[in-house]
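One structure below.
Side chains are part of it too, since the values below use all heavy atoms of this structure and drop only hydrogens, waters and symmetry mates. Residues: numbered from 1 along the sequence shown.
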Amino acid sequence: MGRTHGDQTVLDTSRSGETLLGQGILNEAILAFNRRRTPDTLWPEVACQLPLVAPVLRVQIVARQDDQWRSVAAFVGKTLASRRVALPGAYRAPAHARWLSLQDAAELGDLGGWIADDPAVDSILVVPFPSERKGVALLGMPKLSSADRKLVTPLLAVFMVHAAMAFDVAVAMEQQAKLRQELALARDAAEAALVAKAEFITSMSHEVRTPLNAVIGMTGLLMDTELTAEQRDFARTIRHSGDALLNVVNDILDFSKLDADKVQLERRSFAIHECIERAIELVASRAEDGDVELGYFVDADAPVAVVGDSLRIGQVLTNLLSNAVKFTAHGEVAVSVRSLRNSSAGHELEFSVRDTGIGIPAARLTGIFDAFAQVDAATTREFGGTGLGLAICAKLIRLMGGRIWAESDGVPGKGSAFRFAVTFPAAPAPDLAHFDEVQPLLRGRKAAVLCVHEATRATLCQQMQVWGVHAYPVEDLREAVGLTRTHRFDVAIIEVAPPATAEAADLATQLFRQWPAPRPPLVALSSLSRVRGVSKHFAHVLAKPTRRAQLHDGLLAALGAPLKQRAMSREWNAFDPSLGKSTKMRVLVAEDNPVNQRVLSAMLKRFGYAADIVATGTQAIEALQKTPYQLVLMDVQMPELDGLQATARIRAELPADRQPRIVALTAEGLDGDRERCLRAGMDDYCPKPVHVEQLGQVLRTAAAALED
């Protein structure tokens, strides 16, 4: 128990168990204020709890704030006091608990006098608390024996240590709560900015792609007409400028999607050589305008097909090829693929795009894959570009778990090589896998390949050797004639470089004169669609760049094989007017832009289809209720009722036997657009600007579905 001093109970150590009693009271007090979670409410709670631990008459808690000592809580009797005086500025808190007599309390200034106002106060105990905001508790104590002081002092010191810890925790929690609130506000602001950015990009994409659809579509139609050489050059320039602007828009969209982690990779089986051929075809016209030869080589150890995102691999290859052609005035640009490693994880393949262009200084190779990076300002002025292409390539390859790098010594003419390596799971051979096997009709045949460019010779020879053809690459006429003395060839492929049609005729004539009988059939290889004036010398004409299917069918055609034996793959012209004759379809175009209406109508007419035109989704529904259309080309953004809403109503309102095939036309070009359109009930997707090849594929797919 304790003894009485005035009206206060004082702890006494004369009886056993008092220390345990004091510790129990201390624990209860600590638990009480530990439940307080804000700094503002904690110190008053501490002041109220101190008299429970020891016979404290008055309490003043003072903390260091803004380099000054300020009272934060005061207690007198059984209530909190409103005492808010401060310690002298020169005051220094003791390192340990310290007892002051009333005579020594002068150093506490007004606080010492206030605490001593209670007549029962005999001395003042100064207890520091180890907090980031250093402070002290000034405690007015009754007269205690030395034994009582020894008991009280550590209890109060421990109590203040726990109080300081609770205060620091409360401050930290308050700061964390504030930080969480700030982070939440920043997150909301960032998300709002991303939404605004996406909406802006979508809107700009639509606004730019819509007129581009007219520019690219109309120039495609124009170039399919009879033009003079000068007019064709003008049209080609317009088309290339439109394609260049479209590439800029696509780069910005792709970079934005990658930057926001919105790109999702597909996992589908694809043939490697087909992916490369598609990429080469996309840059072929620009290479033809210059003096650049395109070719590719796939290592024999590489698999025929792998599982991955062929569109993204093709995008990277197209970007690298486009750059290579842009920076190569004349010479060669070649793609090669080799197998680095084959393990349970899959095939690690290295793709390489090598050119003979201006090269890149070694010092510039480090940051070449950074966004908006160019070799130098002069490069940007001379060749143009956004500086995003290589950054997009790097992001895509890293997203696939691969790596990308560049090699060059900066010597013009030696060019540079861009390489990337990705590991792909193996895939079953695709339907066209027999292109990579020995062909019975070609096995054992001998072919001379007369091409000036090494890349073209290597590509053709490699492809033919896979089929069992003995291919002999030759560089000029003299070498070709020399080989005829020791070899009997079954066929000869001769490269004809435009505009040297007269030279081609002369070359063919010389071969016919000097080649011993029986002369082999000749196959012309040219970037021209046909070679005028020399057709009588050539059994077949191959256009560059040459796909494997075209080469296969061309060889068999020159050798006189029946059509059914050489039709291994169906090749389509840009415009195939026979399509509309072979498969009758009623076509409806729902498009609100008058210029795009004209473009689509003219394109469809070239394919043999006369389309009806409506300008809104509502009009499309009304037209379908009156006429059984088999195909609807539906613009996604239209007034009154957009394409997605119109499709939903068509699927809900029309009977099953009147349901058309609906193809989305959209100029937004963002990831997820295709899935969004398919979820709305559409059957296919065609982004704007609509290219002839894309529209042709849409029509052929619709025709095949109609026949089924």
Side-chain angles (χ1 to χ4, degrees), residues 273 277 280-281 284 287-288 293-298 332 334 435 438-439 441-498 500-501 503-516 518-561 566 568-569 571:
H273 73 270
E277 287 173 351
I280 288 177
E281 282 184 346
E288 180 184 342
E293 193 73 10
L294 298 172
Y296 76 93
F297 182 87
V298 179
E332 297 178 351
F435 278 178
V438 173
Q439 301 298 301
L441 295 176
L442 295 176
R443 181 174 53 197
R445 301 279 191 169
K446 291 184 179 181
V449 181
L450 197 164
C451 295
V452 176
H453 296 91
E454 180 184 357
T456 304
R457 292 198 304 271
T459 299
L460 295 176
C461 289
Q462 185 211 21
Q463 291 174 354
M464 288 190 290
Q465 286 166 357
V466 171
W467 300 330
V469 177
H470 301 292
Y472 296 84
V474 292
E475 190 172 349
D476 53 33
L477 177 62
R478 179 181 299 176
E479 187 179 357
V481 172
L483 277 175
T484 62
R485 300 189 180 98
T486 56
H487 296 80
R488 293 182 64 85
F489 291 102
D490 298 289
V491 66
I493 298 177
I494 303 172
E495 181 181 13
V496 180
T501 53
E503 294 178 10
D506 183 58
L507 177 61
T509 301
Q510 291 184 58
L511 278 174
F512 265 81
R513 287 176 180 174
Q514 300 183 39
W515 213 308
R519 300 180 183 88
L522 302 183
V523 176
L525 179 67
S526 175
S527 55
L528 296 175
S529 59
R530 56 193 176 96
V531 183
R532 295 183 177 89
V534 295
S535 58
K536 64 180 181 180
H537 296 296
F538 291 95
H540 193 76
V541 178
L542 290 175
K544 295 191 302 183
T546 306
R547 283 180 173 262
R548 290 192 181 190
Q550 293 171 324
L551 177 60
H552 179 274
D553 294 354
L555 289 174
L556 292 182
L559 293 170
R566 63 177 187 260
M568 297 178 62
S569 66
E571 296 294 325

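Across all non-hydrogen atoms, the minimal contact from F489 to A447 is CD2-C, 3.7 Å. The two atoms that bring P521 and A539 nearest to each other are CB-CB, 4.0 Å, heavy atoms only. Minimum heavy-atom separation, A558 to V523: CB-CG2, 3.5 Å. Nearest heavy-atom pair across H540 and A557 is ND1-CB, 3.8 Å. C451 and L525 get closest at one heavy-atom pair: SG-CD2, 4.0 Å.
With rounding to the nearest 0.5 angstrom, the CD1 atom of I493 is 5.5 Å from the CG atom of L460. We find the NE2-CD distance between H273 and Q462 to be 10.5 Å, quoted to the nearest 0.5 Å. To the nearest 0.5 Å, atoms CG (L559) and CG (L442) are separated by 6.5 Å. Atom CG in L551 sits 4.0 Å away from atom CH2 in W467 (nearest 0.5 Å). Between the OG1 atom in T546 and the NE2 atom in H552 there is a gap of 14.5 Å [rounded to 0.5 Å].
Annotation: side-chain contact (heavy atoms from CB on, under 4.5 Å) contacts of A458 (sequence neighbours excluded): none.
Inter-residue side-chain proximity for V469 and D490 is flagged as unmet; no heavy-atom pair is nearer than 4.5 Å. For the pair R445 and V491, the minimum side-chain heavy-atom distance is 4.5 Å or more. Residues R457 and E475 have side chains in contact (heavy-atom distance under 4.5 Å, counting atoms from C-beta outward).
With E332 contributing its side chain and E454 its backbone, the two residues share a donor-acceptor pair below 3.5 Å.
In this structure, a donor-acceptor pair under 3.5 Å is present between the side chains of Y296 and E277.
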- Item | Residues M464, V449; criterion side chain to side chain contact (heavy atoms under 4.5 Å, CB included); working and verdict | CA-CA 10 Å; M464 288 190 290; V449 181; 3.2 Å; yes
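Within a 6.0 Å sphere centred on CD of Q465, heavy atoms belonging to other residues, nucleotides or ligands number more than 12.
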